Structures are given as C-alpha cells and as structure tokens.
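First up is the structure itself, then whatever we jot down about it.
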Number of protein chains: 2
Amino acid sequence: MANRSPFASKLGAFVALSDEEMTLLDRLHVRRKVFPAGRDMVHEGQKNPSAYILASGWVCSYKLLSGGTRQIVDFQIPGDFLGLRSVLFRTADHNIEPVTRVEASEVLATDLLETFSKTPRLATAVLWAASRDEAMVVEHLVGIGRRDAKERTAHFLLELGSRLKLVGLGSASGYACPLSQNLLADALGLSAVHVNRVLRELREEGLVTFQHGRVEIHDLDALVLLADFDQTYLDHDGPLLK
Amino acid sequence: MANRSPFASKLGAFVALSDEEMTLLDRLHVRRKVFPAGRDMVHEGQKNPSAYILASGWVCSYKLLSGGTRQIVDFQIPGDFLGLRSVLFRTADHNIEPVTRVEASEVLATDLLETFSKTPRLATAVLWAASRDEAMVVEHLVGIGRRDAKERTAHFLLELGSRLKLVGLGSASGYACPLSQNLLADALGLSAVHVNRVLRELREEGLVTFQHGRVEIHDLDALVLLADFDQTYLDHDGPLLK
DNA sequence: CGGCTTGTTGAAGTTTATCAACAGATGTGG
DNA sequence: CCACATCTGTTGATAAACTTCAACAAGCCG
C-alpha cells in the first residue's frame, strides 16, 4: 500500500478501491488548512459550512444546552470525514472544536459531488463511512442511556482504540490520547469528578490506565467483558460491495 | 395536494417534488405488509434485512444489552423510512419492533436504487430524510447525556408532537400516543417508575397530560422553555434544493 | 517564577433506581 | 360472559449512583 492519506486507507480497508479511485480521493485534499486547538471550526447555526477530511489532530462535535452544559456527540480522529450532514442541510446543527492543533482539508460540496459522479463507487464508500459514524452515535446513545459510568467509560476507551488501530495510530495494548477528563466527561454525560473516580477504579482493578496522555490497556478481555463491547458495529463489510 | 402517502407528503413538505416524482414515490408502496404489535420485524444481526416505509402504526428501533436492559434509539411514525442503514450494511445493527399493529411497505434495495437513478432529486430527498433522522438521534443523545428526567421527558413529548403534526396526526394542543410508560422509560434511559413520577409532576404543574393514550399539551410555552426545545433541527430547508 | 488549566480527593446533597405492594385495564380460554 | 392471568400504571420506602462544592496538588505555558 502506497503512502495514502488516512482517509483513503480507511475507506480502502472496507471497500476495494482501484489505484485510480485512491488517487481521486487523495486529490480531495487540496485546500489544506490548519486550526489551532480550542477555537471552533464550525458553530451551530452557521450558514453554508464546509465539510472537512481530518489529516492530523483530533476534533470533537458537540452541542451546547441553555444551562451552559455541553454534550459531545463524538470525536473525530485522522481519516474521519466531518460536517457531511451540515453541508447537506446548508446549516450546521452542531459545533466542531479542535481538541488539538488540527490539519484538515476543506471539501466543497461541488468538489464532492463531482468526484462522486466520476466514480459512484467512491460515493458508496463515503456513504458507508457516514453510516458507520451514525452507528457509532447510536452505540454512544445506548451507552449513555443504559450503561453505568464504569461500563460506559470502558466502552468508550475500547471503541477509541479500535478506531485508532484502523488508521495505524494505536494497537491492542494502547494509544496516545489527547483528551482531558473534562472532555471525557462532556462526551460520557458525567461530571469531570466522577470520570476521575471511574478512571481510578479501572486503574486499580488493573484493567486500563489513562495517564499522561496515553491509554494503556492492561487486560483487554476483562475490559471487553465489563463494557459488553461488541465490535461488529465498527467493522461491517462494505455496502453492496462486489 | 392529492391523496398522497404520508411518506410522499412528508418529503414533499421539504423538497419540492413534481407530480411525476410523487407518483414514483407512491409506486414504492407495492409490497404492503402487516405486522402485529410486539413481534420484531427485524432483529440485530439479521442478514440482508429489508427497509420499510411506514404507512400506519408505530414502531421502535432498539438495542439489547447483555444485562437484559434495552435502549430504544427512536420511534418511527407513519411516513418514516426505516432500516436504511441496515440495508446499506447488509446486516441489521439493531432490532425493530412494532409498538402497535403496523402496515408497512417493504422496499428492496434494488427498487430503491432504480428509483434513485431515474430521479436523482428523490435520492436527495431520501438522503435529506435520513439526515433529519440522524439529527434526531443526535438530539436524543444530547438529551440523555445532559438533560434531567423532567426536561428530557418534556423534550421528547414536544419532538413527537412536532413530528406527528408534520404528517397530519397531531396539533399544537395534543396527539394520540400509543406508548406505554415502559417504552418511554426505555427510550429516555430512565426506569418506568421514574417516568411515572415525572409525568405526574408535569401533569400537576399544568404543563402536559399523558393519559389514556393521549398527550394533551396545556402550556406549550412553558413546556418549550422547560425542555429548552429548539425546533430547528427538525425543519431545515431542503438539501441543495433549487 | 507566576498564573492557569488539569487532576485528585473528601464530604454532603440530589437525582434516579430498586424493591414491593396493589389497583386498574386488557386480553384469553373455558 | 365470567374467571384468571398478565400487563400497565401508581405510590411509598430504601438504596445506589452520580453531582456539587471545596480545597489542594501537579503539570504546563508564557
């Protein structure tokens, strides 16, 4: 496999793409931009927002509530596509904030449609990726609704590991993770204090360690059991693929 | 407006469709089927599941957890499309259960693709509907993560009312609702007992009544305020529409 | 160094779950 | 059409999970 973008290699892992299609994909990365951590790239209500393909760094998608709290819907890591729904609606329905310094390629609606019309298989691949993201949101919803704090946290860390492994940024034993406990809390629907206690429990039980920007998985089997983690929603076969 | 299916009239409310396109949409309703309440139409893991357009009755999409609890991801009402993601993955990633007796039209992947290739605008319209459903799931996630039981319940009842109104099954003052408190609990991530208490509070405060299969909204403004209900995620303008 | 964010821990308070009991409604077979 | 079983709704008492407040330590950045 050549030196592809994380995006192309992620899609390629699920839908067989020709070299030509891969090249077309990589050509989407023209308008490369850099965003500093902490300042929103897209904000709720923004008209005609752009979509992006994330090349490096992490971002989060979130919504603010009237009381000043926020809920993070998901994190995006290198290779992820973001803002597709907002482009379709011509209005952003959530905020997007870089968690770290981020490099991303802006994708205009017109470019995307043009690429799709040239190679319908790419349209299918992107639709597949969008569906996978939706499946992750659903699993997130299920976790917040029916898993307790410990199961939920364990599940989150496992899912993240699985996603990072796919783009070569982690292994079964651990990965680098730039998330603060505050961010974790806003994603998991918990208070930061409680996240801290849960992480301590997981650490003291010898399951996972999350310290100094690294997640170390010490007992994968026990963690999977605790979290009731079923990976199938992440690695479906490609859609309608020959 | 002629005597269209709820599905056609829902799409038509957001994307201007010609009579010809409307007719093509209605033609999808060939394989009409009836399902009794309570027995799953689709179950998680099922291979090559069908998609359906709901003509009458209510269904819920849910996932089961290892502990025996379940989380309902959303309810579908007449006019809603269901199972699109499962068709794309060729494997169902959630269960679908009729809440009432249901009439639905089975839509085969091939029929759908054929219709889309004839009229790309219909593909756009369906994609719009799917994105709207995804936005609802996101809002649901936000509610479970960061709203307390009362706000969450109020928000749910308002959203349902808004959706039902769109297909002519409700008004600003109320609607028929076949959901039990158990179903509500599984959707809201609460216990049935607590749902009961919350409904009582809402009733005693003169905001909403949910009794005998009807939701009566007595003080819309106060309810909207309490739930922090912002309808915009439900009625975006059509996607890329001319 | 000094200021700020992040992580950590204890104590007290709130929300929500669980258990249990019963009433009312609904449905089924005899 | 009644008798019985089963689901749904209701309420009280108790327990568990999680939040909030507060204080301080540790890391990070200008």
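Here the structure is a predicted model, which means the values were calculated and not measured. FYI, side chains are in, hydrogens and waters are out, and symmetry mates aren't considered; it's all heavy atoms of this structure. Letters go in sequence order (proteins before strands), and every chain restarts at 1.
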Under a 4.0 Å threshold between the charged nitrogen and the carboxylate oxygen, would [Y] count as salt-bridged to [X]?
| X | Y | value |
| --- | --- | --- |
| A:Glu151 | A:Arg146 | no |
| B:Arg203 | B:Glu216 | no |
| B:Asp93 | B:Lys63 | no |

Over how many whole Å does the gap from [X] atom [atom1] to [N] atom [atom2] extend?
| X | N | atom1 | atom2 | value |
| --- | --- | --- | --- | --- |
| B:Glu201 | C:dT15 | CD | P | 9 Å |
| A:His212 | D:dC28 | NE2 | P | 9 Å |
| A:Leu199 | C:dT6 | CG | C1' | 13 Å |
| B:Glu204 | D:dT11 | CD | C1' | 12 Å |
| B:Arg146 | C:dT16 | CZ | P | 13 Å |
| B:Arg152 | C:dT16 | CZ | P | 7 Å |
| B:Asp186 | D:dT8 | CG | C1' | 14 Å |
| B:Asp148 | D:dT20 | CG | P | 11 Å |

State whether [X] places a side-chain N or O below 4.0 Å from either non-bridging phosphate oxygen (OP1 or OP2) of [N].
| X | N | result |
| --- | --- | --- |
| A:Arg200 | C:dT9 | yes |
| B:Gln181 | D:dT10 | yes |
| A:Asn196 | C:dG7 | no |

Mapping A:Ser191 and B:Ser180 to their closest nucleotides on DNA chain D, which lands nearer the 5' end? B:Ser180
Closest nucleotide of DNA chain D for A:Val195 versus for B:Arg203: which of these residues is on the 5' side? B:Arg203
Between D:dC18, C:dA17, C:dA20, which nucleotide gets closest to the side-chain atoms of B:Val193? C:dA20
Given 3.5 Å as the limit, does a donor-acceptor pair link the side chain of B:Asp186 with the main chain of B:Leu183, or not? no
Distance-only, no hydrogens or angles: does the A:Glu44 side chain make a donor-acceptor pair with backbone N or O of A:Ala92 under 3.5 Å? no
For [X], report the nucleic acid contact type (base, sugar-phosphate, nothing); a contact means any heavy atom under 4.0 Å.
| X | value |
| --- | --- |
| A:Arg197 | base |
| B:Gly189 | sugar-phosphate |
| B:Ala192 | nothing |

